[in-house]
Amino acid sequence: MTTAALLGSPWHPLLSQPATEAAIALLGCWLVRRFADGRVIRGRIVETEAYEAGDPACHGYRRQTARNRSMFGPPGQVYVYQIYGRYHCINLATEAADLASAVLIRALEFPDTEAIAGAGPGRLCRFLAIDRQLDGSWLGPTSPLDLEAADYPLGTLIQTTRIGLTRGVDLPWRWYLAESPAVSRRDRRAEAEQMGVSV
DNA sequence: TTCACGATTCTA
DNA sequence: AGAATCGTGAAG
């Protein structure tokens with residue numbers, strides 16, 4: 001995939017903004033996984049987290065390394081890393097090149113599939129066979145990964161804190177769709193406060 | 001070269 | 001609550 005193809009992608013504007021905004025814009029969109037044999041699986045994005053430069057929880061907080069290189073890529077580059085030796089997590093680079101800014105996809109809702117399959121960053125990557133081989137790849141119509149527009153209402157949007165961190169724990173940079181059965185971890189308190197707010 | 005640890009998940 | 005499990009990167 002070339003940069004030219006990326007620039008032609010309608011997703012460029014969506015991802016060319018701070019991760020905290022892209023994380024919201026991605027909700028309801030479809031993450032498309034294309035396999036070599038032609039099979040395609042779509043999952044609706046229902047939970048995201050933002051990671052920004054200057055954020056102590058961000059993998060690119062200190063500096064660019066071999067592992068986090070693609071997090072510094074232009075918007076639309078895919079950043080996949082391995083965690084706890086057994087799971088993978090997928091991020092989409094956002095905002096601008098040379099900036100550590102990305103959105104972590106934390107949950108996907110798959111049609112006609114048990115919600116548990118897409119509930120959590122490790123589970124959804126396992127279901128979609130996403131690993132480090134896809135790190136550094138680009139979103140696009142001929143790529144293994146792509147995005148498609150949201151095609152039905154989001155329902156209730158909940159904003160809360162991120163999961164599993166030891167630093168930056170208080171930043172409210174996680175968002176999820178309250179009505180989705182695939183959300184990895186609910187924040188009942190945030191829901192009580194925000195359920196009345198319609199999107 | 002060493003070594004502690006992590007944007008998780010599963011089991012008890 | 002505790003374990004599994006290993007690549008990465010900061011330290012020495």
Side-chain angles (χ1 to χ4, degrees), chain A residues 15 17-27 29 31 33 43-73 75-95 98-110 113-137 139 145 147 157-177 180-190:
Chain A
L15 297 168
Q17 51 186 338
T20 48
E21 294 172 38
I24 298 171
L26 282 167
L27 291 170
C29 293
L31 183 69
R33 176 73 166 101
R44 185 170 177 253
I45 299 174
V46 296
E47 182 180 349
T48 57
E49 282 180 1
Y51 291 85
E52 296 265 14
D55 159 19
C58 178
H59 286 174
Y61 180 61
R62 286 177 173 274
R63 62 193 182 88
Q64 186 171 334
T65 66
R67 177 180 70 151
N68 65 26
R69 174 178 60 83
S70 45
M71 178 181 228
F72 289 76
Q77 188 160 31
V78 177
Y79 169 45
V80 179
Y81 67 92
Q82 189 182 30
I83 187 68
Y84 293 104
R86 15 171 75 181
Y87 303 104
H88 292 270
C89 296
I90 180 174
N91 300 251
L92 305 181
T94 59
E95 193 160 358
D98 301 320
L99 200 65
S101 172
V103 173
L104 169 70
I105 309 297
R106 279 197 59 91
L108 293 176
E109 209 179 287
F110 298 108
T113 303
E114 297 268 0
I116 190 72
R123 291 202 188 105
L124 73 89
C125 281
R126 185 172 55 194
F127 188 78
L128 293 179
I130 292 170
D131 60 23
R132 279 232 97 192
Q133 291 209 304
L134 293 179
D135 178 60
S137 66
L139 296 179
L145 290 165
L147 286 172
L157 180 61
I158 303 296
Q159 176 176 17
T160 181
T161 51
R162 298 174 294 183
I163 303 295
L165 306 179
T166 57
R167 305 187 308 188
V169 295
D170 294 326
L171 291 171
W173 286 359
R174 180 166 74 106
W175 292 267
Y176 65 86
L177 302 183
S180 173
V183 170
S184 70
R185 191 157 139 195
R186 297 181 177 281
D187 182 337
R188 297 298 181 190
R189 180 175 183 146

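Chain identifiers are assigned alphabetically (A, B, ...) following the order of the sequence lines, protein sequences preceding nucleic acid strands; residue numbering begins at 1 within each chain. Model, not experiment: these values are computed from the prediction.
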### Task
Compare side-chain N and O positions of A:R126 against OP1 and OP2 of B:dT8 and report whether any pair is under 4.0 Å apart.
no
### Query
Are A:Y81 and the base of B:dA7 stacked, counting only ring centres nearer than 5.5 Å and planes tilted under 30°?
no
### Task
Using a cut-off of strictly less than 4.0 Å, decide whether A:R123 has a side-chain nitrogen or oxygen near OP1 or OP2 of B:dC10.
yes
#### Entry: For B:dA7, the Watson-Crick or wobble counterpart (both distances under 3.5 Å)
none
#### Entry: Nearest-Å distance for atom pair CG/P, residues A:L165 and B:dT8
7 Å
### Query
Across the strands shown, which category fits A:R185 at heavy-atom distances under 4.0 angstrom: base, sugar-phosphate, nothing?
nothing
### Query
Which whole-number value in Å describes the distance from A:R67 CZ to B:dC5 P?
15 Å
#### Entry: Pairing nucleotide - C:dT5, Watson-Crick or G-U, each distance under 3.5 Å
none
### Message
Taking any heavy-atom pair under 4.0 Å as a contact, classify A:Q82: base, sugar-phosphate, or nothing.
### Response
sugar-phosphate
### Message
Under a 3.5 Å distance rule, please check whether A:N68 uses its side chain to pair with a backbone N or O of A:Y61 as donor and acceptor.
### Response
no
### Query
B:dG6 P sits how many Å from A:Y79 OH, rounded?
14 Å
### Task
Classify the side chain of A:Y84 and the base of C:dA4 as holding, or not holding, a donor-acceptor pair under 3.5 Å.
no
#### Entry: Atom pair distance, as rounded to whole Å: NE2 in A:H59 and C1' in B:dT8
12 Å
### Query
What integer distance in Å separates A:R106:CZ from B:dT8:C1'?
8 Å
### Query
So, is A:R132 close to the C:dT8 phosphate, meaning a side-chain N or O under 4.0 Å from OP1 or OP2?
yes
### Query
Does the side chain of A:S184 come under 3.5 Å of the side chain of A:E47 through a donor N or O and an acceptor N or O?
yes
### Message
From C-beta outward on A:R63, which listed nucleotide comes closest to its side chain: C:dG9, C:dA10, B:dT8?
### Response
C:dA10
### Message
Quick check on A:Q64: does its CD atom have over 12 non-hydrogen neighbours (other residues, nucleotides or ligands) under 6.0 Å away?
### Response
yes
### Query
Does a nitrogen or oxygen in the side chain of A:R174 sit under 4.0 Å from OP1 or OP2 of B:dA7?
no
### Summary
Ranking B:dA7, B:dC10, C:dA10 by distance to the side chain of A:N91, first place goes to B:dA7
#### Entry: A:R162 charged N/C atom sitting above A:Y51 aromatic ring, 6.0 Å / 45°
yes
### Query
A:Y61 OH to C:dG9 C1': how many Å, rounded?
17 Å
### Query
What nucleotide among B:dT8, B:dA7, C:dA4 has an atom nearest to a side-chain atom of A:M71?
B:dA7
### Query
Mind checking whether A:Y81 and A:H59 have ring centres under 6.0 Å apart?
yes
### Euclidean distance, atom CG of residue A:L104 to atom C1' of B:dT8 [Å, nearest integer]
11 Å
### Query
Rounding to a whole Å, what distance do you find between A:N68:CG and C:dG9:P?
6 Å
### Query
Is there a donor-acceptor contact under 3.5 Å from the side chain of A:R167 to the main chain of A:P56?
yes
